[in-house]
Structure formats: structure tokens, C-alpha cells
Visitor: 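Below you will find the structure I want to go over with you.
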Amino acid sequence: MKAPVRVAVTGAAGQIGYSLLFRIASGDMLGKDQPVILQLLEITPALEALKGVVMELEDCAFPLVAGITTSDKAEEAFKDADIALLVGARPRGPGMERKDLLEANAAIFSAQGKALNDAASRDVKVLVVGNPANTNSLIAQRNAPDLDPRNFTAMTRLDHNRAIAQLANKTGAHNTEIKNMIIWGNHSATQYPDISKTTVKGEAAPGLVERDWYENDFIPTVQQRGAAIIKARGASSAASAAGSAIDHIRDWVLGTPEGEWTSMAVPSDGSYGIEKGIIYSFPCVCKNGDYEIIQDLEIDEFSREKMKATEQELSEERQAVEHLLP
Ligand code: NAX
């Protein structure tokens, strides 16, 4: 049996946590031969609810669960963590401006970045799901100077999967027949779902759909999918978000399928002229537990403009929190 991997999850008593933990525990994320120790973080008032979730985890008698801890202290939850899924965040309250939301989360993610810096494994892989995910990831990263900055990522895999599902519906293909979708930029309504390099059953996607559908239906549908789910379900995406977090970490740790890429929000190294440092979603391949941004894709005028718009938003978010960063 392999040695257990320590997986820290924040916001563990929340909606996403309720799907995510059971899938990690069943081996969907790290493999059916990989034991895990779950290290769960919640705010103090949610510890009682978290106790109930832990009781249910125990009642599943998962063969791969080698231990479960709970805490309301980040240093405890992140102790020696190999993987940290930062799901808990401050939701937007009534009358809260975007700036207030950024600042409230800056406080949370500064503290969690410091705790990761002090307590986690030196190779910890961090995925931020809690919104505004990209900028929260940047804040955590900047507060963790002793960790590899490349190991701080944010989740756009849900957007990626949503885009695949839309294109599969439109073309009558199965989602497994769609390869090399790209989400560029921010996990927000400015994100750019790009099908210019995507194939459907090996054929170039742009030749299979009308341009008008692509620009005026597909792109806004993917961008607004989160809001559509809230409207229909009365609650925000949870199981699909958990599934995408599983996909993001699984690919990062175990590798993307040969010849395919995925979308991950990672620190920009200046690829495609995107401002260095911001956490921007790029097409990435993963191998040997590391990721690489796909280079040298041809970018047309339409794409360039959309990539710039979402870069601009991330740049503004960074400026809004810059004074709070070390
Ligand atoms: P819930 O409100 O159900 O759960 C959040 C949990 O986090 C709560 O139990 C809360 O007590 C806890 N929490 C809050 N502050 C914390 C802190 N400082 N430390 C530890 N725990 C803390 O929200 P849920 O539906 O689970 O969504 C979680 C986050 O994911 C939200 O920020 C949401 O906006 C974001 N999402 C991000 C997505 C993405 O694609 N990147 C998609 C889904 C989701 O909307």
C-alpha cells in the first residue's frame, strides 16, 4: 500500500465540500490505490456541521481513508498537506461591492497563504476554488514566500467542462470526443471559452458550428452558466464544481491524457503577452506532477481582444488588493 497523501480542504462543511470530500475519499482524485488523510478546515460556527459530515464519511467505511482531522485553525489543517483545496470563501453579502468582496477575501487568503507557508509540505499543490478564485490564489501565493509560486492555481476547469458539454450538445458528439478546449483568463463572466483549437471527433470545431452560434450563444452561455444554475436550482453549482476540482488535481498529479491539454488558472509567466504574475487560465499539459503552458498557439484578432479583456479584469483585481499584499 502507498503512503497516505494529506489533502487539506477548506470550507469543508459547505455545499461543494459535501460532494468533494466523498469523491476524494473514494479515490476519484488520486487513484483507487492511493490512501488519503483528510484535513478539514472550517470556521468555528461551522464545526458542528462539519462533525456531521465526518460522521457520514466514517459511515461510508472508505477503504482509502487513512485518517480525518478537523480544525478551525489553518496551521493545523495545513500541517504537512500535500494538496490544499481552498474552497471556503466569504460570499458576497447584501449591498457588498466587488471591492468589499475582494478585501474580505484578501484577509482570509492572506492568513491561509501564511499558514500554508508555515505548515504545509514544501511541494504542496494548491487549488483555489473560493471566489474570486484567481485573485484569492494570487493573495495566498504572495503570502507564502517559501513555497514555489507555480504551485498556486485557481479553478477554471468547471468552465472548461461546461464548454465541452455545450459543444457536445450542439454537435451531437459525446463529451469524450471533444479535445483541446481552452478557457482563457478569469473565472468570471469575462472568461474567454475558445474553440478555435478544439476538435470534435478529430475535426476542427469552428467548421462544425455557425460563427453566430459561437459568438452569441456559446460564449455567453458558458460565461453565464453559474448564474443559470443558481436560477434553476436556487443554489450555486456544487457537485459539478467538486467534480471539476477533482479533475484539476487528478490531471495535475497524474497527468493529462497523451496529446491533450486542459485549462488551469496558473501564474502567468508572460506567455501570450499576458501580464506576468496574475493567475490567468491557460491551456496546460500536465506530466510528472507538473504543468506546462502550451506555447505558440496562433491567436487571431477576435481571440486577442477577448484574452485582453479578461486580463484587464484580473489586472484591476490585482490593483484593488495590491495595498494589502506583502
Ligand atoms: P458554501 O457557502 O456552501 O460553503 C462555503 C463554506 O466555507 C462554508 O461552510 C463556510 O463556513 C466556509 N468558510 C468560509 N470562510 C472560511 C474560512 N475562512 N476558512 C474555512 N472555511 C470557511 O459555498 P460553496 O457553494 O461550497 O462554494 C464555495 C466557494 O466556491 C464560493 O466562494 C463559490 O463562489 C466558489 N465557487 C467557485 C467555482 C469555480 O469554478 N471556481 C464554481 C462554484 C462555486 O461557485
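Position 1 is the first residue of the sequence; numbering continues from there. For the numbers below, each heavy atom of this structure counts, side chains included, while hydrogens, waters and symmetry mates do not. Just follow the structure's listing: the first ligand is 1, and inside any ligand the first atom is 1.
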Visitor: Would you please classify the geometry between the Tyr192 ring and the Tyr214 ring as parallel, tilted or perpendicular, with 30° and 60° separating the classes?
Guide: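 It falls in the tilted class, 30° to 60°.
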
Visitor: Of the choices Leu86, Asn161, Asn131, which has the non-hydrogen atom that lies closest to atom 45 (O) of ligand 1?
Guide: Asn131

Visitor: Does Pro91 have a heavy atom less than 4.0 Å from any atom of ligand 1?
Guide: no

Visitor: Does the residue Arg157 have a heavy-atom contact with ligand 1, meaning some pair of atoms that are separated by less than 4.0 Å?
Guide: no

Visitor: Can you find a side-chain donor-acceptor pair between Asp251 and Thr256 that sits under 3.5 Å?
Guide: no

Visitor: Which residue and non-hydrogen atom of the protein lie closest to atom 30 (O) of ligand 1, and at what distance in Å?
Guide: Ile16 CD1, 3.5 Å

Visitor: Compare Val128, Asn134, Asn105, Leu158 and give the one whose heavy atom is closest to atom 42 (C) of ligand 1.
Guide: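 Shortest heavy-atom distance from atom 42 (C) of ligand 1: Leu158.
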
Visitor: Check Gln15 against ligand 1 and report side chain, backbone, both or neither, counting heavy atoms closer than 4.0 Å.
Guide: both

Visitor: Check each atom of ligand 1 against the heavy atoms of Ala89 and keep those under 4.0 Å away; list them by number with element.
Guide: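 By the 4.0 Å cutoff, the relevant atoms are 14 (C), 32 (O).
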
Visitor: Which residue and atom name correspond to the protein heavy atom nearest atom 19 (N) of ligand 1, and how close is it?
Guide: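 Here the closest protein heavy atom is Gln112 NE2, 3.3 Å.
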
Visitor: Tell me whether ligand 1 is touched by Ser236 - counting only heavy atoms on the residue side and a distance under 4.0 Å.
Guide: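 In this structure, Ser236 qualifies as a contact of ligand 1 - some heavy atom is under 4.0 Å.
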
Visitor: May I ask whether Glu42 places a heavy atom under 4.0 Å from ligand 1?
Guide: yes

Visitor: Could you list the atoms of ligand 1 found under 4.0 angstrom from a heavy atom of Gly11?
Guide: 6 (C), 7 (O), 12 (C), 20 (C), 21 (N)

Visitor: So is Ser237 polar-close to ligand 1, meaning N/O to N/O under 3.5 Å?
Guide: no

